[in-house]
Amino acid sequence: MAIAASASVGRANRRREVPWIERYINILGPLVMILTLCLVMAFADPRFFRVQNIMIILQDASIYMVLAMGMTLVITGRGIDLSIGSVAALAAVVMAMLIKDVGVNVYVAMLIAVLVGLACGFMNGFVITKLRVPDLIATLSMDLVFRGFALVLAAGVVLARFPDPLVWLGRGRVFEVVPVAAIVGITVLVIGFVIYRYTPLGRYAVAIGGNTEAAVLTGIDVTRHKMFQYMLMGGLAGLAGVMLTGRLNAIQATAGMGLTLHTIAAVVVGGTTLFGGRGSMAGSLVGVLLLSMVVNALVLLRLDFFWQQVAAGVIIITSVAFYAALQDPGKGGVSGLVRRLGGGAR
Amino acid sequence: MDQPPLSVEPLLTMTGIAKHFGGVMAVQDVDLTLGRGEVVAIVGDNGAGKSTLIKVLTGVHVPDEGVITLEGRQVSITSKRASQALGIEAVYQDLGLVDTLDAAGNVFLGHELKRYILGIPFLRNARMAEEAARVLKENVGIELEDITVPTHNLSGGQRQAVAIARAIYNTDLKILVMDEPTAALGPEETRNTLKLMRRLKDQGISLIVISHNLDHVFAVADRVMVMRGGRVAATLDCKSSTKQDVLAHIIAATDGNVAA
């Protein structure tokens, strides 16, 4: 080929058409896995598709939906919050004690739980932005602090049997079918979607996560927005604590230990990258649903509870690998991935 | 220091600017004048103080000493916002783009168009996409096939166009600072960028350009300021001097008034 011609070809190639699939690239991996799972379950155990079972899945997913909304924003802003499990427990313990020991009105107590979460988020944000402790270390340490407070307050007691409104939020059903908690979870994620796409708060989370220096140079108040992200995350963790208490109709200081990593896993599976600047609320919804569906399937198949851990790990790696492969046009996108998987299986 | 005759009324003067970081003097006793619609290039080795000087102008660094006047009035530029409010914008070497956002998101970054519903600010994404496409076409002379793709999918020249569109969208833009605008571009895109710079100059916008490439400097600049060791080594008129003259000042060939 003539040199002049090859030069112009190179230019044309670089400005390649962006395939439509790239817009949905973040949820493609988990969607494929959901379909695969459905296919497997169709043969293994059709009870999986019963309305009652689907509602159980939604019920289980609801708390993670609430947490994933905040986590998506935090991770998009190149942060991470490892304290949410403890924030949920602390908020729930405070609420439970107010109801049981002080006799505070249940609605007021629920509101206070969310405010406790907000305050925890504020402290996280303060440690990160003002004391300049890296997000990971700050929230890891604050996780210990919040958990410690919850343990001290509850003093080893399990608080149980709460007023109806709280239990209704946790395990009630609308029309005796749809879990109230799932409606709350999906509403929160929809609000998150709007915040992410259509408000400066979401836009600046992307900017801060994508290029912090550029965000600073354009005059974006990074401190304020990071504070907001962590406070929102904290408030939602407080809400998750309320929902958890309602579902169990009991709470203890050691509750919610697994919430944090499960939430982060769901968000990452949904295509939000830990490097910041890129995330998706819709992806987080899909990620949360996938993890809850897998847990449910394992229960139906009577596999040991602990296999959940293995499954979650495998799912995260599969999604992220899928995502990485799709993002690398040099490797031929989806067909390239199939080729390489085929080559590897030989 | 020498004052070359100005053919146009000075828009900006920086006098006796000094800035140090800890014990390190980044710039010292630097004077700079810039006329309306004038293009001044700043050249010099790495660490000569070029970047520090323009960051003083754009409010990233607050100078330890010195006076800045704009249109005859003394101004204090203590933040990026303050410099933007005065009509000073910068396009940095790394372009300062958020590459996961699309062109419109970048053009409007930091001053998005909003609509308030119940006191909550909502982004006017469709309107911003339209406006960004218009500014890119009319002021920068570039059309993107798809304005909604993240900018990391664009070429170097297109990304720079987005960065410049962001700078000039500021409607009252008086001074545009460009840090190494041609460093990462191919020959064709470099030509387009130089053309664009002349276009901005014709619109009455003053440019301060940092560049290592003297060909490009002489293609667009009216004057060249040579910096060395945080000080101004010389200011030369492009019409009456040569690249060799500039080069001599950069590498500090024997010159009486430099050391003083």
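Just so you know, these numbers come straight off a predicted model, no measurement behind them. Below, chains carry the letters A, B, ... as their sequence lines are ordered, and counting in each starts from 1. Basis for what follows: all heavy atoms, side chains included, without hydrogens, waters or symmetry-related copies.
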Name of the residue among B:Val56, B:Leu32, B:Thr13 meeting side-chain contact (heavy atoms from CB on, under 4.5 Å) with B:Ile68:
B:Val56
Here's a test for you: under side-chain contact (heavy atoms from CB on, under 4.5 Å), which of A:Asp135, A:Thr273, A:Leu274, A:Asp81 qualifies with A:Ile75?
A:Leu274
What part of B:Asn125 gets closer than 4.5 Å to chain A, counting heavy atoms only: side chain, backbone, both or neither?
side chain
Side chain, backbone, both or neither: which part of B:Leu97 has a heavy atom under 4.5 Å from chain A?
backbone
Lys/Arg N to Asp/Glu carboxylate O, B:Arg134 vs B:Glu131, below 4.0 Å
yes
Of all of A:Gly202, A:Gly277, A:Gly276, which one pairs up most often with chain B through heavy atoms under 4.5 Å apart?
A:Gly277
If you tally heavy-atom pairs under 4.5 Å between each of A:Ala215, A:Gly210, A:Ala207, A:Gly209 and chain B, the highest tally belongs to A:Ala207
Side-chain donor or acceptor of A:Tyr204 paired with backbone N/O of A:Thr199 under 3.5 Å:
no
